[in-house]
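All values below were derived from every heavy atom in this structure, side-chain atoms included, with hydrogens, water molecules and symmetry-related copies excluded.
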Amino acid sequence: MSSSVYLIFSIVLISAVSTLPPIFATDHIVGANKGWNPGLNYTLWANNHTFYVGDFISFRYQKNQYNVFEVNQTGYDNCTTEGAVGNWTSGKDFILLTEAKRYYFICGNGQCFSGMKVSVVVHHLPPPPSSAPKHSSQNSTAAAVPSPGFRALTVSLAFIWFGSWGL
């Protein structure tokens, strides 16, 4: 393939990607720099975070000492793993929060009784910021502003057109 084909492909790819909506996901590290360990107040930690569908909650711990179970409210309240819906043991567990609901996580080796449990409420993503109100007046003299994707495509085509002259 010639270099001009690579250039064209690169520009078209960049243009296509620039039209996609941004994706924002947060990785909430349980316990921050102290990790998943006994004796920490995970309720306080969770109350200082806002969780959205698509975010991750991650647990960092000594993999031979601790683990993580996703349980229901009864399992959380009683520190039992009966009926657990998830179990992680890697020491660096990244769990995707896929639904807007309350999630319950505990350490399943008895450390739940030492406070190794956390409950988080996951919210739906907030709607995108609203743009300026659109006026439906027939006599409007305001010019239409092209979308960022259209602008990127126009610039890409200009690069292809003018750039091909020098190749």
Can you find a heavy atom in the side chain of Tyr103 that is under 4.5 Å from one in the side chain of Ile95? no
Assign the ring pair Phe51 / His28 to parallel, tilted or perpendicular, where the plane angle (0 to 90°) is split at 30° and 60°. tilted
Please enumerate all residues that pass side chain to side chain donor-acceptor pair (under 3.5 Å) together with Trp88, with sequence neighbours excluded. none
Where do Gly75 and Ile106 come nearest, in terms of heavy atoms and distance? O-CD1, 4.1 Å
Is there a donor in the side chain of Asp93 and an acceptor in the side chain of Ser90, or the other way round, less than 3.5 Å apart? yes
More than 12 heavy atoms of other residues, nucleotides or ligands under 6.0 Å from NZ of Lys101: yes or no? yes
Do Ser58 and Lys92 pass the side-chain contact (heavy atoms from CB on, under 4.5 Å) test, and can you show the C-alpha distance, the side-chain angles, and the key distance before you say yes or no? CA-CA 7 Å; Ser58 59; Lys92 290 184 182 177; over 6 Å; no
Of the non-hydrogen atoms in Gly54 and Leu96, which two are nearest, and what is the gap between them? O-CD1, 3.5 Å
Under 4.5 Å between side-chain heavy atoms, hopping through other hydrophobics if needed: is there a path connecting Ile29 to Val120? no
Output all residues satisfying side chain to side chain contact (heavy atoms under 4.5 Å, CB included) with Asn109, sequence neighbours left out; order by chain, then residue number. Tyr66, Asn67, Cys107, Gln111
To the nearest 0.5 Å, what is the distance between CZ (Phe105) and CE (Met116)? 13.5 Å
Does the Asn78 side chain pair with the main chain of Thr80, one donor and one acceptor, at a distance under 3.5 Å? no
Kindly assign one of parallel, tilted or perpendicular to the pair Tyr104 and Tyr76, based on the angle between their ring planes and the thresholds 30° and 60°. tilted
Nearest atoms (heavy-atom pairs only) where Thr81 meets Gly108: CG2-CA, 3.8 Å
If you take all heavy atoms of Glu99 and Val53, which pair is closest and at what distance? C-CG2, 3.6 Å
Kindly indicate whether the side chain of Trp45, heavy atoms from C-beta on, has any atom under 4.5 Å from the side chain of Val30. yes
Flag side-chain contact, heavy atom, 4.5 Å: Val71 against Val85: no
Distance from Cys79 atom SG to Phe113 atom CZ, nearest 0.5 Å? 4.5 Å
Arg60 and Asp27 ion-paired at < 4.0 Å: yes
Give every residue pair that meets the disulfide (SG to SG under 2.5 Å) criterion with at least one member in residues 44-78, sequence neighbours excluded. none
Phe59 and Trp36 aromatic ring geometry - parallel, tilted or perpendicular at 30°/60° bounds: perpendicular
Thr50 side chain reached by His123 side chain, heavy atoms, under 4.5 Å: yes
If every non-hydrogen atom of Ala46 is compared with every non-hydrogen atom of Val118, which pair is closest and at what distance? CB-CG2, 3.9 Å
